[in-house]
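Quick caveat: nothing in here was measured; it's all calculated off a predicted structure. Numbered from 1 within each chain, the chains take letters A, B, ... in sequence-line order.
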Amino acid sequence: KAGVTQTPRYLIKTRGQQVTLSCSPISGHRSVSWYQQTPGQGLQFLFEYFSETQRNKGNFPGRFSGRQFSNSRSEMNVSTLELGDSALYLCASSLGLAGVIGELFFGEGSRLTVL
Amino acid sequence: DQQVKQNSPSLSVQEGRISILNCDYTNSMFDYFLWYKKYPAEGPTFLISISSIKDKNEDGRFTVFLNKSAKHLSLHIVPSQPGDSAVYFCAASEETSGSRLTFGEGTQLTVNP
């Protein structure tokens, strides 16, 4: 079956702009979570959506937001971009069953460069 | 506050030998631990996991050991193969945290032929 699809794969923005990234999870997966990867920082959890509701949120400023649609596809938005937002943004999907820690399936990521 | 730490940014081993990747954590609420592998230009892929009720889990060439008292886990790869060259991330989770994983910084493993 098709894996997690993220678009766009690469993008360049300037400071102050906003960006929207998209993620299509594996069919049947209802949980979508987003992570930011920067050099030396590993992967930092942004948020998780399950059945169109934000179920968990990491320690990022309010400029980072997301949403999930009825078909489980998800988008994340970053407003008023800063140079430090340059990173690889990874989306992961899972069944998301309550109380079950399941394997996360990651997409290839969207690499954002802020100039 | 880095709750999961991988203190070795890189590790180089010879093909056929054992690779040992280490990970330390500070949050005693973590009860599930995972290892992910990442190749360049690809997303991380799940490798192996272990619950806090166990101290060892094995899957083929990969074995994860958990020492809860030391808050330490390690991944052993035996024998190492050149195709194992990748960045390995340790991750931890609390049962109630859903898909929220706390990752380490990663260790670049290079297996030399």
> Which distance, rounded to the nearest 0.5 Å, do you find between the CD of B:Glu42 and the CG of A:Leu90?
Replying inline: 12.0 Å
>> Looking at chain A, which one of B:Gly104, B:Gly106, B:Pro44 has the largest number of heavy-atom pairs inside 4.5 Å, strictly under?
In response: B:Pro44
> Side-chain heavy atoms under 4.5 angstrom apart, residues restricted to Ile, Leu, Val, Met, Phe, Trp, Tyr: same cluster for B:Phe33 and B:Leu21?
Replying inline: yes
>> Give me the atom names and distance for the closest heavy-atom approach of A:Lys57 to B:Arg100.
In response: O-NH1, 2.9 Å
>> Take a 6.0 Å sphere around CZ of A:Arg63 and say whether it holds more than 12 heavy atoms from other residues, nucleotides or ligands.
In response: yes
> Within residues 105-115 of chain A, which positions have a heavy-atom distance to chain B below 4.5 Å?
Replying inline: A:Phe106, A:Gly107, A:Glu108
> Does CG belonging to B:Asn7 count more than 12 external heavy atoms closer than 6.0 Å?
Replying inline: yes
>> According to a hydrophobic-cluster definition based on side-chain heavy atoms being under 4.5 Å apart (Ile, Leu, Val, Met, Phe, Trp, Tyr only), do A:Phe64 and A:Phe45 belong together?
In response: no
> Any side-chain heavy atom of A:Leu43 sitting closer than 4.5 Å to one from B:Tyr36?
Replying inline: no
>> Tell me whether B:Leu73 shares a hydrophobic cluster with B:Tyr88, the cluster being built from Ile, Leu, Val, Met, Phe, Trp, Tyr side chains joined at under 4.5 Å.
In response: yes
> Do B:Ile20 and B:Val78 sit in the same hydrophobic cluster, where Ile, Leu, Val, Met, Phe, Trp and Tyr count as joined when their side-chain heavy atoms come under 4.5 Å apart?
Replying inline: yes
> Are B:Ile48 and B:Ile53 in one and the same hydrophobic cluster, where Ile, Leu, Val, Met, Phe, Trp and Tyr link if side-chain heavy atoms are under 4.5 Å apart?
Replying inline: no
> Quick one: which residues of residues 10-19 of chain B reach chain A at under 4.5 angstrom, heavy atoms only?
Replying inline: none
>> Taking side chain as everything from C-beta outward and backbone as N, CA, C, O, which of these in A:Leu88 sits under 4.5 Å from a heavy atom of chain B? Side chain, backbone, both or neither.
In response: side chain
> Under a 4.5 Å heavy-atom cut-off, does chain B meet the side chain of A:Gln37, its backbone, both or neither?
Replying inline: side chain
